[in-house]
Amino acid sequence: MGIWRPEGHGRFGNKRFRLLPSERPLSWLSHSMRLWSRYFIPTLKESPSDAEIASHRLLIRSGLVRKLAGGLYTYLPLGLRVMQKISRICREEMERSGAIELSMPHIHPAEFWAEGPRWGPVREIMFRADSAGEGRRGPREPEFVLGPTHEEVITPLVKAEITSYRDLPKTFFQIGTKFRNEIRPRFGLMRAREFSMMDAYSFDADDGGATRSYLAMKAAYEAFFRRVGAQAIAVEADTGVMGGSFSHEFMVPAEVGDNDLLYNEESGYAANREKARSALVPEGLADAAPEGPPEEFPTPGAVTIAALEAAPYGVPADRQFKTLLYVGDGKPFAVVLRGSDELEEAKLGSLGFALLRPATPQEIEPIMGAKPGSLGTVRGTIRNLPALSGIYADHAIRLVGNGTTGANRDGFHLRNVNVARDLELTRFGDFRRVREGEPDPVAGRPLRLRRGIEVGHIFKLGTKYSERIDAGYTDDKKERHLFIMGCYGIGISRTLQAVIEQSHDADGIIWPWAIAPFQVLVCLLDPQAADAAEIAGRLAAAAERAGADVLLDDRNERPGVKFKDADLLGIPLRITVGGRGIKEGVVEMRWRGAAETLKIPLDESEARVEAAVRERA
RNA sequence: CGGGGUGUAGCUUAGCCUGGUAGAGCGCCUGGUUUGGGACCAGGAGGUCGCAGGUUCGAAUCCUGUCGCCCCGACCA
């Protein structure tokens, strides 16, 4: 026959029939090249109603994933290809940094966690991995859990296997599936219950080494995100339940992110909002001189900052003191802020409490002498001062100088309250939430606030885990020391979606070259025409020779359908071969996201395609 | 965990308020006409209306419970 009919139609006498794939004559088709008609790319015109954000919709519409249940997704062939590419780049950068790959079990004996330092908080998000039967095999308590991360597994391993300073430092990593029973899975792969993660763990002999390991990871992360085409910002972050001494989060700026980051590009300062500082309060700001003695005045019914701002009181919020009561490890304490500021609860972590919660009105009244809304910390007004374990003031109240605060008597406030003279304070600290536009703490430039998706996180852990199970080594003086650890994670599947969120338009995804499921799409508009098919096949082969992953759209669809699908999939380079172009003696080349279509003379086409690919790869 | 919403064909959905044999578009199958930005005509398959109970002569529709899914919130006085 000699005529390739890509969609696989043949004719027998007067009757059309469909050829089986194996019967199609495709001598030029290489093993790795994909024909759309034989592959599996279930695209959708409409998106399922449960997809809310752009990246989630595109993930489904372009046939990358399908949902099994809330937070659980199947990677379809195209999605898997992207995952594999991201994973490979991640692996390359980790290995380049000196980290060593291994693979730990996903199922962990529960006692490894029960003995660890964070069984309490982490337990709630862990899946148990019991037998699904009637419990005939053992006790009700979980014997096994599905691993949400691996600190608790690797630390005992390293404790057993590494005993000498000669074997340090070491950084291990793995890329695999993690299981977390999220309170609220959402946005597709963004917060899933089963997801792919690269996790790494460093073990060092001393603090300086641990910092070097940390910085090596930071560099590897930066290289990784650059290579996959994600614009990620490293921000100073809170260490949260992980514990440890310092940490950076890698954030992809996006409106749908669930973190806030404050940064200034010129000064280079960037921090998670929980951690962000600003230079709003000048260093060494002198306390304001008193303006007069404190004076009580009636404020019936005024129990909010806003109510005191309004007539008849007219006290601006930034001239008020706001007093909040919390309970830390069972003991109440107070925090004093400017009326115009918000408490950043995470910053209370610096006070060192393990458990922290706002005090209830029932707890507050007996201590302060008034209900919330009339509280203050002016000396002599607190009914039961010894009940407070401390009174912590945000630096910014110094800007108030002389202000108004609650009198600890319902319906009354005090004015002319001077910070230094009148307030009962244990110490100052940074407790307020930083706002956009405030000067950054490095160069005093205005901070910009953006939402961000957390795609990576690095922690310098210190000895939190090694101490717990006494994991350490012997140095050259025969003395034993604990490992100084670090731990590091990259959300592989989350990065995939973050890239889509960052790189799409109204028509579909715009993949970065490095992680595109295919890099070149040869769009054959007239698959029945032997000459067009021949040309398409040659161009596909040329692109593949140049190093691209090639998908050939040989479907017997109308051109409109093919173009719409091409835009939706977002394959970077599209080469269109159609009867109209062939009559003119050209094929068309178009970069996804670019406005113009390049017409290429047929006789140059193979060379031009090869050159375009080589230039990008 | 609290609040709100929602569940009807593979996907998007109408019908529900005001009970009376379940409708459309996309997709799919067959035939034909088409063929450069999601074609057209004709024919066809596909739904125990999430599940369970109740009210009723009669329930997708009303009531109760339950499950799934989606969204918001998780204490800032």
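By convention in this document, chain letters (A, B, ...) are assigned in the order of the sequence lines, proteins followed by strands, and residues within each chain are numbered from 1.
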Taking atom C1' in both B:G15 and B:A42, compute the distance separating them and give it to the nearest angstrom. 28 Å
Among B:G37, B:C72, B:C70, the one nearest A:R186 by side-chain distance: B:C72
Side chain of A:F187: nearest nucleotide among B:C76, B:C72, B:G27? B:C72
Quiz item: A:R574 side-chain donor-acceptor pair to B:G37 base, under 3.5 Å: yes
Any strand: nucleotide that pairs with B:C17 via Watson-Crick or wobble, under 3.5 Å: none
Would you mind telling me which of B:A39, B:C75, B:C72 lies closest to the side-chain atoms of A:P358? B:C75
Would you please say whether a donor-acceptor pair under 3.5 Å links the side chains of A:T381 and A:N408? yes
Once you apply a heavy-atom cut-off of 4.0 Å, does A:G578 come out as touching a base, just sugar-phosphate, or nothing? base
A:R191 has an atom CZ; how far is it from atom C1' of B:C71, in whole Å? 14 Å
Gap between atom CZ of A:R608 and atom CG of A:L598 - 0.5 Å precision: 6.5 Å
Is the NZ or CZ atom of A:R398 both under 6.0 Å from the centre of the six-membered ring of A:F428 and within 45° of that ring's axis? yes
Among B:G25, B:G38, B:A77, find the nucleotide with the atom closest to the side chain of A:L324. B:A77
Between CG on residue A:L348 and OH on residue A:Y392, distance to nearest 0.5 Å: 10.0 Å
So what does A:E588 hit on the nucleic acid, given a heavy-atom distance under 4.0 Å: a base, only sugar-phosphate, or nothing? base
Report yes or no: do A:R590 and A:T597 form a side-chain donor-acceptor pair below 3.5 Å? yes
Using a heavy-atom cut-off of 4.0 Å across all strands, would you classify A:A359 as base, sugar-phosphate, or nothing? base
In the structure shown, which nucleotide is the Watson-Crick or G-U wobble counterpart of B:C76, with both distances under 3.5 Å? none
Output the rounded distance in Å from CD (A:Q528) to P (B:U33). 14 Å
Closest to the 5' end of RNA chain B, once A:R590 and A:K67 are matched to their nearest nucleotides, is A:R590
What is the separation between atom CZ on A:R435 and atom P on B:C76, rounded to the nearest whole Å? 15 Å
Distance, C1' atom - from B:C1 to B:C63, rounded to whole angstrom: 27 Å
Taking the side chain as every heavy atom from C-beta outward, state whether A:L44 and A:E46 have any atom pair closer than 4.5 Å. no
Find the partner of B:C69: check Watson-Crick (N1-N3 plus N6-O4 or O6-N4) and G-U wobble (N1-O2, O6-N3) distances, both under 3.5 Å, and reply none if neither fits. B:G5
Under 4.0 Å, counting only non-hydrogen atoms across every strand here, what does A:R432 touch: a base, just sugar-phosphate, or nothing? nothing
Roughly how far apart, to the nearest Å, are B:A60 and B:G7 at atom C1'? 11 Å
Out of B:G37, B:C70, B:U12, which nucleotide sits closest to the side chain of A:E46? B:U12
For B:G31 and B:U13, measure between their P atoms and round to the nearest Å. 33 Å
If I take atom CG in residue A:L44 and atom P in nucleotide B:G27, what distance separates them, rounded to the nearest angstrom? 12 Å
In whole Å, I'd like the distance from the CZ atom of A:R338 to the P atom of B:A77. 14 Å
Is the shortest heavy-atom distance from the side chain of A:E194 to the side chain of A:F127 under 4.5 Å? no
Using purine N1 to pyrimidine N3 plus N6-O4 or O6-N4 for Watson-Crick, or N1-O2 and O6-N3 for G-U wobble, each under 3.5 Å, what pairs with B:A45? none
Quick one: label A:V561 by what it contacts on the DNA or RNA (base, sugar-phosphate, nothing), any heavy atom closer than 4.0 Å. base
Rounded to whole Å, the CZ-C1' distance (A:R433 to B:C76) equals 8 Å
Would you classify A:S47 as touching base, sugar-phosphate or nothing, given that sugar-phosphate means primed atoms plus P, OP1 and OP2, and contacts are heavy atoms under 4.0 Å? sugar-phosphate
Cation-pi between A:R415 and A:F297: NZ/CZ under 6.0 Å from ring centre and within 45° of the ring axis? yes
Return the pairing partner of B:G38 with a 3.5 Å limit on both distances, Watson-Crick or G-U wobble; otherwise return none. none
Scan A:K322 against the nucleic acid and name what it touches under 4.0 Å (heavy atoms): base, sugar-phosphate only, or nothing. sugar-phosphate
Decide yes or no, distance alone: a donor-acceptor N/O pair under 3.5 angstrom between the base of B:G38 and the side-chain of A:R555. no
Suppose we define a pair by two distances each less than 3.5 Å, Watson-Crick or G-U wobble; what does B:C62 pair with here? B:G54
Atom-pair distance (CD on A:E557; P on B:A39), nearest Å: 9 Å
With a 3.5 Å cut-off and heavy atoms only, can you find an N or O donor on one side and an acceptor on the other between the side chain of A:D565 and the base of B:G38? yes
Ranking A:G373 and A:P559 by the position along RNA chain B of their nearest nucleotide, the one closer to 5' is A:P559
So which nucleotide does B:A22 pair with, by the Watson-Crick or G-U wobble rule with both distances under 3.5 Å? none
With P as the reference atom in both, quote the distance from B:C16 to B:U21 in angstrom, rounded to an integer. 14 Å
For nucleotides B:U56 and B:C51, find the distance between their P atoms and express it as a whole number of Å. 23 Å
What's the spacing between A:E454 CD and A:M190 CE if we round to 0.5 Å? 12.0 Å
B:C11, OP1 or OP2 - any side-chain N/O from A:K45 closer than 4.0 Å? no
Of the nucleotides B:U35, B:C69, B:G38, which one has an atom closest to the side chain of A:R193? B:C69
Closer than 4.0 Å, any side-chain N/O of A:S49 to the OP1 or OP2 of B:U13? yes
Phosphate oxygens OP1/OP2 of B:C70: is one of them under 4.0 Å from a side-chain N or O of A:R184? no
Side-chain atoms of A:R558 come closest, of B:A39, B:G37, B:C69, to B:A39
Using only heavy-atom distances, determine whether the side chains of A:S55 and A:Q497 contain a donor-acceptor pair under 3.5 Å. yes
Could you check how far CD1 of A:I41 sits from P of B:G27, rounded to whole Å? 18 Å
For atom P, what is the distance between B:A77 and B:U61, given to the nearest Å? 46 Å
Please measure how far the P atom in B:G44 lies from the corresponding atom in B:G50, and state the result in whole Å. 28 Å
Nucleotide nearest A:I364 (side chain, heavy atoms from C-beta), chosen from B:C69, B:G37, B:A77: B:A77
Side-chain atoms of A:T304 come closest, of B:A77, B:C76, B:G73, to B:A77
